[in-house]
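Chain A is the first sequence line, chain B the second, and so forth, proteins listed ahead of strands; every chain is numbered from 1. We use all heavy atoms of the structure for the numbers below, so side chains are in, but hydrogens, waters and symmetry mates are not.
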Amino acid sequence: MSTDDTVLALRGVVKTFPGVKALNGVDFTLRKGEIHALLGENGAGKSTLIKVMTGVYRRNGGIIALDGTEIHPANTGDAQDLGISTVYQEVNLLPNLTVAQNVFLEREPKRFGIIDWRRMNREARELLLGYDLDIDVTAPLNSYSVAVQQLIAIARGVSMSAKVLILDEPTASLDAEEVASLFNIMRDLRDRGIGIVFVTHFLDQVYAVCDRITILRNGTLVGEYEAATLSQQDLVSHMLGKELEKAVHEKVGQAEAQTRETLFELNQGSSDVLEPLDISVCAGQVVGLAGLLGSGRTELCKLVFGVDELSQGDAKLNNQSIRFSNTRQAVVAGLGLCPEDRKKDGILGPMSIRENMIMALQNKRGWWRYIPMKKQRELAEHYVKVLKIATSDIEKPINQLSGGNQQKVILARWLAAEPKLMLLDEPTRGIDVGAHAEIIQLIRKLCDDGLGLLVASSELEELVEFADKVVVMRDRRKVAELSGSDISQQTIMQAIAGQS
Amino acid sequence: MNKKFLPLYVTSSLFVLLFLVGSVQFENFGTLRVFMNLFTDNAFLIIAAIGMTFVILSGGIDLSVGSTIALSGVIISVLLRDYGWHPIPAFAFVLVLGTLFGAAMGAIIHFYQLQPFIVTLAGMFFARGLSSVVSEESVPITHMFYDNVAMFGFELPGGAWLGSSTIIALVVLGLAIWLANFTRFGGRVYGIGGDAQSAALMGVPIARTTISVYALSSFFAALSGIVFSFYTFSGYSLAAVGVELDAIAAVVIGGTLLTGGYGYVVGTLFGVLIMGVVQTYISFDGTLSSWWTKIVIGLLLFVFIALQRYLVRRGTKA
């Protein structure tokens with residue numbers, strides 16, 4: 001069944017949830033000393049497969065063998081004891097414990113039966129120095145940024161990985177430099193014989209570090225491939241099960257832009273956290289916001305939407321001066337915001353798809369003008385159809401949908417309120433390739449309908465694809481504005497890096 | 001110094017301040033005797049509140065504490081009077097019973113994913129009802145061993161007294177500090193209070209820890225019931241009504257966050273002492289109604305909750 005260098009072998013693994021077969025006889029083979037990408041759209045079964053491997057879920061059928069012996073991990077603790085450690089997509093550490101405690105939880109060094117704090121702190125510090133993190137390990141975890149926390153989570157996972165390390169989208173909150181150092185660590189571990197499972201939706205990262213690729217679709221195995229021989233195009237079509245169509249978007253040139261009326265304007269506007277800057281959006285124009293993590297993209301969106309107050313300068317919508325002291329005024333004026341942190345700021349988890357959708361419209365009308373239930377249902381049914389939201393029922397709680405579908409519901413929420421200007425902060429974050437393409441098409445369609453769009457994104461490829469104008473941010477100030485044919489990944493990158 | 005100890009500094013300084021105010025105002029207030037009496041009078045509350053600290057640190061609550069105190073007192077007194085038991089096996093019996101009672105509540109909370117508030121509220125009614133079933137009347141305790149234990153202690157300078165109750169409370173305190181901060185169990189309790197889901201993914205055994213936390217709290221409540229019977233020399237089904245709320249107040253005043261994950265056992269000791277010193281002040285004054293204690297405690301609670309809110313806000317911003 002397994003060759004000598006196989007460390008983890010899954011054969012015919014089945015996992016069912018009430019009404020759903022999440023994994024249908026999946027095989028997966030991880031060798032010693034390899035980095036193995038596990039790819040698939042959302043809902044393909046990646047997360048379920050990982051959770052089965054790490055003992056979060058128990059499989060309903062099939063075999064999991066570690067070093068040739070069958071294992072039945074009952075919880076993550078079991079899996080850790082067996083030598084399988086996991087770093088999850090969202091930082092799954094304990095915010096209230098110290099950094100050192102987080103690194104060593106459940107395997108604290110002891111002396112005479114009590115926890116040896118001094119040794120624990122020293123070892124945690126040494127470990128983190130290996131990741132260029134020179135921080136106070138006795139401080140609580142939540143005193144550090146998400147990126148640092150993610151590195152700590154990785155350090156914990158790596159330091160525990162006796163045999164198998166599973167990285168579930170670990171790079172989401174890391175910048176390019178941190179990703180590069182993570183990759184170095186991964187290569188180093190590989191050379192030491194550890195098998196690494198790497199889940200990501202950044203395809204270029206797959207090619208940068210992975211040796212082999214396993215692709216899942218709809219809970220079944222599509223195939224296992226050598227990274228070196230699988231082209232990116234084939235990879236995507238394997239994931240989607242269809243050819244990806246690439247429509248070319250007609251960019252609105254500079255000349256044309258001048259003829260259009262300006263929809264929104266910010267003149268030397270600044271908030272407490274942003275340097276003064278100018279920005280303008282025309283009707284039917286997509287303005288991209290590029291920049292690294294923490295460059296001020298999100299802050300700019302918040303400023304425009306009235307979450308943060310304008311401390312100087314002025315803002316105009318349709319040539320009328322506007323000044324929001326709360327977000328409701330922004331909604332009433334015709335603005336909409338799809339926030340970056342969908343789970344925290346976007347969805348109302350336990351509420352239904354319908355309730356989530358009518359939220360903005362109801363807010364705009366005011367609470368005393370209740371939208372009749374019939375109208376609510378019509379609206380919800382309409383958008384479920386138009387945006388191809390995969391759900392059987394509009395009364396289903398939104399947190400049961402996949403990330404991509406949740407994002408579509410949020411979009412529908414604003415579309416129902418008929419905004420003039422939409423702000424999309426990382427609209428495709430954590431969304432699989434298929435839904436990604438749909439959301440981008442949707443963005444284009446919206447601007448054809450005359451909506452102004454301001455889209456912040458860290459994916460340059462995506463910005464190049466749909467933006468008519470790109471504003472580049474760095475260190476909380478605007479450093480460049482590119483438009484029309486000047487927009488390319490190259491030019492944006494140069495602007496971000498500070499070269500002109 | 002370290003920011004995370006700030007609530008602890010506030011609590012301990014407040015205690016010192018209140019004690020000083022009393023000492024300046026009244027003769028004989030600022031003595032070792034009054035200080036030690038704070039322990040003697042509140043030993044049972046210290047023990048119960050320490051158990052509560054673990055529950056609250058883990059993000060839960062235990063409303064059954066007061067009833068458990070009454071129940072263990074009633075059972076001991078009935079075992080002694082009607083069944084002729086020696087106190088020591090009776091103590092062992094209520095401690096085991098208490099632990100099992102808490103473990104059962106913990107298991108229900110964990111396996112049925114129920115709110116600790118509701119489960120322990122049910123536990124509170126159950127224990128209170130059961131103590132009335134065992135004996136509705138107050139049952140006096142008359143046993144040589146009781147007299148000996150209650151009288152046991154050491155004379156300190158200035159007529160102060162280090163009694164058996166205080167010794168037990170201090171031993172419990174030491175044990176609790178060891179458990180909370182120097183064992184793996186302690187880390188798990190803080191971890192679950194911080195984020196139970198993450199803790200589970202990091203390999204923390206949630207079921208075992210949750211059950212242990214409630215078992216520990218009820219064990220301490222039963223022990224508190226034993227200590228309580230040392231000064232009442234009786235078991236009464238309506239004793240210690242509302243002690244769970246005093247315990248919660250002491251924990252919160254002691255700087256432990258009601259939502260779990262932050263706080264220290266030592267803080268709880270100071271929480272109880274602050275409540276004790278307010279009470280002592282009022283009895284020294286003589287003109288004030290003893291209900292003023294409740295009013296002051298209420299105000300202090302508000303202040304501490306507001307302080308915590310402020311610290312949490314500032315903490316997450318930084």
Check each atom of [X] against the heavy atoms of chain B and say whether the ones under 4.5 Å are side chain, backbone, both or neither.
X	result
A:L93	both
A:N102	both
A:K51	neither
A:E106	both

* **Within-4.5 Å side-chain heavy-atom neighbours: B:F220 and B:T53** => no
* Count the heavy-atom pairs under 4.5 Å between each of A:E108, A:M160, A:K110 and chain B, then report the option with the highest count. =>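 Top count of heavy-atom pairs under 4.5 Å with chain B: A:E108.
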* Exercise: do A:S159 and A:R107 side chains pair donor with acceptor under 3.5 Å ->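 Looking only at side-chain atoms, A:R107 and A:S159 do form a donor-acceptor pair, the distance falling under 3.5 Å.
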* To do: Walk me through it: do B:I61 and B:Q115 pass the test side-chain contact (heavy atoms from CB on, under 4.5 Å)?
  => CA-CA 9 Å; B:I61 198 96; B:Q115 294 290 331; over 6 Å; no
* To do: Would you check if the side chain of B:S224 reaches a backbone N or O of B:F44 as a donor-acceptor pair within less than 3.5 Å?
  =>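 Pair found, side chain donor or acceptor close to backbone of B:F44.
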* Asked: Is a side-chain N or O of A:W117 found less than 3.5 angstrom from the main chain of B:N181, in a donor-acceptor match?
  -> yes
For the interface with chain A, which of [options] has the highest count of heavy-atom pairs at distances below 4.5 Å?
options	value
B:M202, B:Q197, B:R188	B:M202
B:I192, B:T183, B:I206	B:T183
B:G186, B:G187, B:G194	B:G194

* Can you tell me how far OG of B:S217 sits from CD1 of B:I50, rounded to the nearest 0.5 angstrom? ->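 If I round to the nearest 0.5 Å, the distance is 11.5 Å.
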